[in-house]
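Heads up, the thing below is written out as structure tokens.
Heavy-atom basis, side chains included; hydrogens, waters and symmetry copies ignored.
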Amino acid sequence: MNREVYGKLIFECSQPGRRAVKLPVNTYGKALESLPVNLLRHAGPDLPEVDEPGLVRHYNNLSTNNFGVDTGFYPLGSCTMKYNPKINEEIAADPVTGGLHPAQPFETVQGALEAYHTLQEFLSEIGGMSEFTLNPYAGAHGELTGLMVIHAYHDANGDTARDKVIVPDSAHGTNPASANVAGYKIVEVKSLPDGTVDVDDLRSKLDNTVAAMMMTNPNTVGMFEKNIPEIARLVHEVGGLMYYDGANLNPMLGVSRPGDMGFDVMHVNLHKSFSTPHGGGGPGSGPVGVRKGLEKFLPNPRVYWNEEHDQYEVTCADADALGRISSWLGNFAVEMRALAYILTLGAEGLAQAGPMATLNANYIKDSLKDLYKLPVPGRCKHEFVFDGLADKSTGVTTLNVAKRLLDFGFHAPTIYFPLLFHESLMIEPTETETRETLDRFIEVMRQIAREAAETPEVVLNAPLTTPIAHPDDTQAALTPKVKYADLQD
């Protein structure tokens, strides 16, 4: 790390006796003496000693080394890392809602319950479903909840022989994982060269042991599954249900609804399509919607309008419902961001998101397909996949291209996923980026391709300008140095 450019580590700024805060006097007397000896320190912690300006500058300098969608273009495929309006953050941070307690009497939280119920109805309309629950905490949690609903449906019908879930070979890894956790065996269906499901292969795997088929549409390579009516018909004919993974819902907003495609159960990633900054494990929310006839299987508790009492209430009375799958009613702050996002854009604004995301993705794809290998030609939706550089003779890999992008202030796209292609480079620009940003990204990608052909050592040694340049990837993962003491070795 270049200390002159990026500043010293806080331990290197430490001077004995300097303080940023005065700790309160110990008022606990000898209470600490009652603690078990094995829980007590034998020496004080090795903490840096700095003044307040040094402390503040240290953390501010660290924050400038962080990359996020607020600081630059984030074309991470399959995750929809788009810019989120700050008004939604203000709504989520409002102390009026932030200070509520879920166990308050219903009459004291009518506004919050109305907001919750309204978002349920909006998502039902957007997804073409009959009812939604907002309780799941994340996309994978939503998948598991949806599969539990499917399990409960088959059990209620006495159809207990259904023990398989069909998953395309291009699916997100959470699909087979969620199905396995829900108690199902996984059956993989092949993809055609264009990335869509091989319907003939699907036919050979359908029988009365199939509980459901999980799909993402558009699929993982960004192509719309044009055979979805036929796929849904075939699965329904053998008594199975169709599950929609909502990870790629963003380009479909206001254009096409999973319920109209033939899906019976779906989840939505509020942190992808509906305005919550995400990454690094959270925050998230994965509401689950169901078609008519499956509502009673959704998990408890549930918000409903009580006509007799003329108010919103929460119930756990439905005997067919799943038990609790979260501590209460899900991640309320994320739900409020989503509601604010939908209300701000309205139906007209939401209907523009999908076409704009599609336009941006195709603009980048067509501008780069002469220098990067395009394994699936044709019009994509919100994202697309290159199979690395078209010219592979230089030895420059997708990983090298991704690292070189960091030198130009861009976050790298998703790399080596999906597994359909050896050098996958998955790009999703989303609808929120300007023409100027896209043009700059295209310019840089073309420059990297030229460098790979003319001066490959530049790309092979990238990144060159980041705080830590070109680490050994294997050693960085196996023996990470996360403590100051480790750096002294």
Side-chain angles (χ1 to χ4, degrees), residues 68-70 73-76 78-94 97 111-112 114-129 131-134 139 142 217-218 222 224 244-261 266-279 283-289 330-363 381-383 428-438:
V69 75
D70 285 354
F73 184 32
Y74 214 125
L76 195 66
S78 201
C79 271
T80 314
M81 296 290 283
K82 63 186 179 183
Y83 175 80
N84 294 294
K86 291 296 171 267
I87 186 174
N88 305 336
E89 293 298 300
E90 294 178 18
I91 295 295
D94 191 324
T97 55
E114 181 180 2
Y116 188 98
H117 194 266
T118 300
L119 180 57
Q120 287 181 167
E121 293 182 324
F122 283 165
L123 293 179
S124 297
E125 177 62 27
I126 291 168
M129 295 285 147
E131 189 174 332
F132 258 85
T133 175
L134 308 185
N217 198 19
F224 189 82
Y244 182 83
D245 179 339
N248 292 349
L249 179 65
N250 200 60
M252 295 291 97
L253 294 177
V255 177
S256 183
R257 307 190 306 175
D260 299 335
M261 299 179 201
M266 68 176 290
H267 84 267
V268 174
N269 296 79
L270 293 187
H271 50 285
K272 290 187 179 183
S273 300
F274 297 99
S275 184
T276 290
H278 73 291
S285 179
V288 170
N331 194 334
F332 188 69
V334 176
E335 293 155 8
M336 290 306 96
R337 289 182 178 95
L339 180 59
Y341 182 76
I342 294 171
L343 289 172
T344 301
L345 290 183
E348 181 180 352
L350 284 177
Q352 292 178 10
M356 287 299 296
T358 299
L359 176 64
N360 286 351
N362 281 277
Y363 178 61
K381 293 303 175 185
H382 62 306
E383 64 189 6
E428 180 181 357
T430 79
E431 73 278 7
T432 56
E433 299 299 338
T434 65
R435 170 75 177 271
E436 292 79 11
T437 297
L438 302 185

Practice problem: Just do the side chain to side chain contact (heavy atoms under 4.5 Å, CB included) check on F274 and R337 with the steps written out, would you? | Solution: CA-CA 7 Å; F274 297 99; R337 289 182 178 95; over 6 Å; no
Quiz item: Would you say I126 and L350 make side-chain contact, with heavy atoms under 4.5 Å?
Solution: yes
Quiz item: NE2 of H382 to OG of S78: how many Å apart, nearest 0.5 Å?
Solution: 6.5 Å
Practice problem: Determine yes or no for a side-chain-to-main-chain donor-acceptor pair under 3.5 angstrom, with Y244 supplying the side chain and N217 the backbone. | Solution: yes
Quiz prompt | Closest non-hydrogen atom pair, N269 against G139 | solution = ND2-CA, 3.4 Å
Quiz prompt | Where F332 and A112 come nearest, the two heavy atoms and their spacing | solution = CZ-CB, 3.7 Å
Quiz item: Which heavy atom of Y74 sits nearest a heavy atom of V69, and at what distance?
Solution: CD1-N, 3.7 Å
Quiz item: When rounded to the nearest 0.5 angstrom, what is the spacing between CZ in F122 and CZ in F132?
Solution: 13.5 Å
Quiz prompt | Where E431 and N250 come nearest, the two heavy atoms and their spacing | solution = OE1-ND2, 2.9 Å
Self-check item: Distance (rounded to the nearest 0.5 Å) between L134 CG and N331 CG
Solution: 10.5 Å
Exercise. Determine the minimum heavy-atom distance between S256 and M261, stating which atoms define it.
Key: OG-CE, 3.3 Å
Quiz item: Taking the side chain as C-beta and beyond, is there a heavy-atom pair between H267 and D245 under 4.5 Å?
Solution: yes
Quiz item: Which atom names give the shortest non-hydrogen contact between H271 and G284, and what distance separates them?
Solution: ND1-CA, 3.5 Å
Practice problem: Using salt bridge (charged side-chain N to carboxylate O under 4.0 Å, His left out) as the criterion, list what pairs up with E121, not counting sequence neighbours. | Solution: none
Quiz prompt | Separation between CD of E335 and OG1 of T276, rounded to the nearest 0.5 Å | solution = 9.5 Å
Exercise. Would you check if Q120 and P287 make a side-chain contact, meaning some heavy-atom pair closer than 4.5 Å?
Key: no
Quiz prompt | K82 and E428 ion-paired at < 4.0 Å | solution = no
Quiz item: So with a 6.0 Å cut-off around CG of L359, is the heavy-atom count from everything else above 12?
Solution: yes
Quiz prompt | Spacing of M129 atom CE and S124 atom OG [to the nearest 0.5 Å] | solution = 9.0 Å
Quiz item: Rounded to the nearest 0.5 Å, how far does CG of N362 lie from CD of E383?
Solution: 12.0 Å
Quiz item: Okay, side chain of T344, backbone of A340: is any donor-acceptor separation there less than 3.5 Å?
Solution: yes
Quiz item: Hey, does E131 have a side-chain heavy atom less than 4.5 Å from the side chain of V288?
Solution: no
Quiz item: If we only count heavy atoms from C-beta on, is the L438 to P429 side-chain gap below 4.5 Å?
Solution: yes
Quiz item: Are the side chain of T97 and the backbone N or O of D94 linked by a donor-acceptor pair below 3.5 Å?
Solution: yes
Quiz prompt | Short side-chain to backbone donor-acceptor contact, N360 and T430, under 3.5 Å | solution = yes
Quiz item: Got P258 and L249 here, is their nearest side-chain heavy-atom distance under 4.5 Å?
Solution: yes
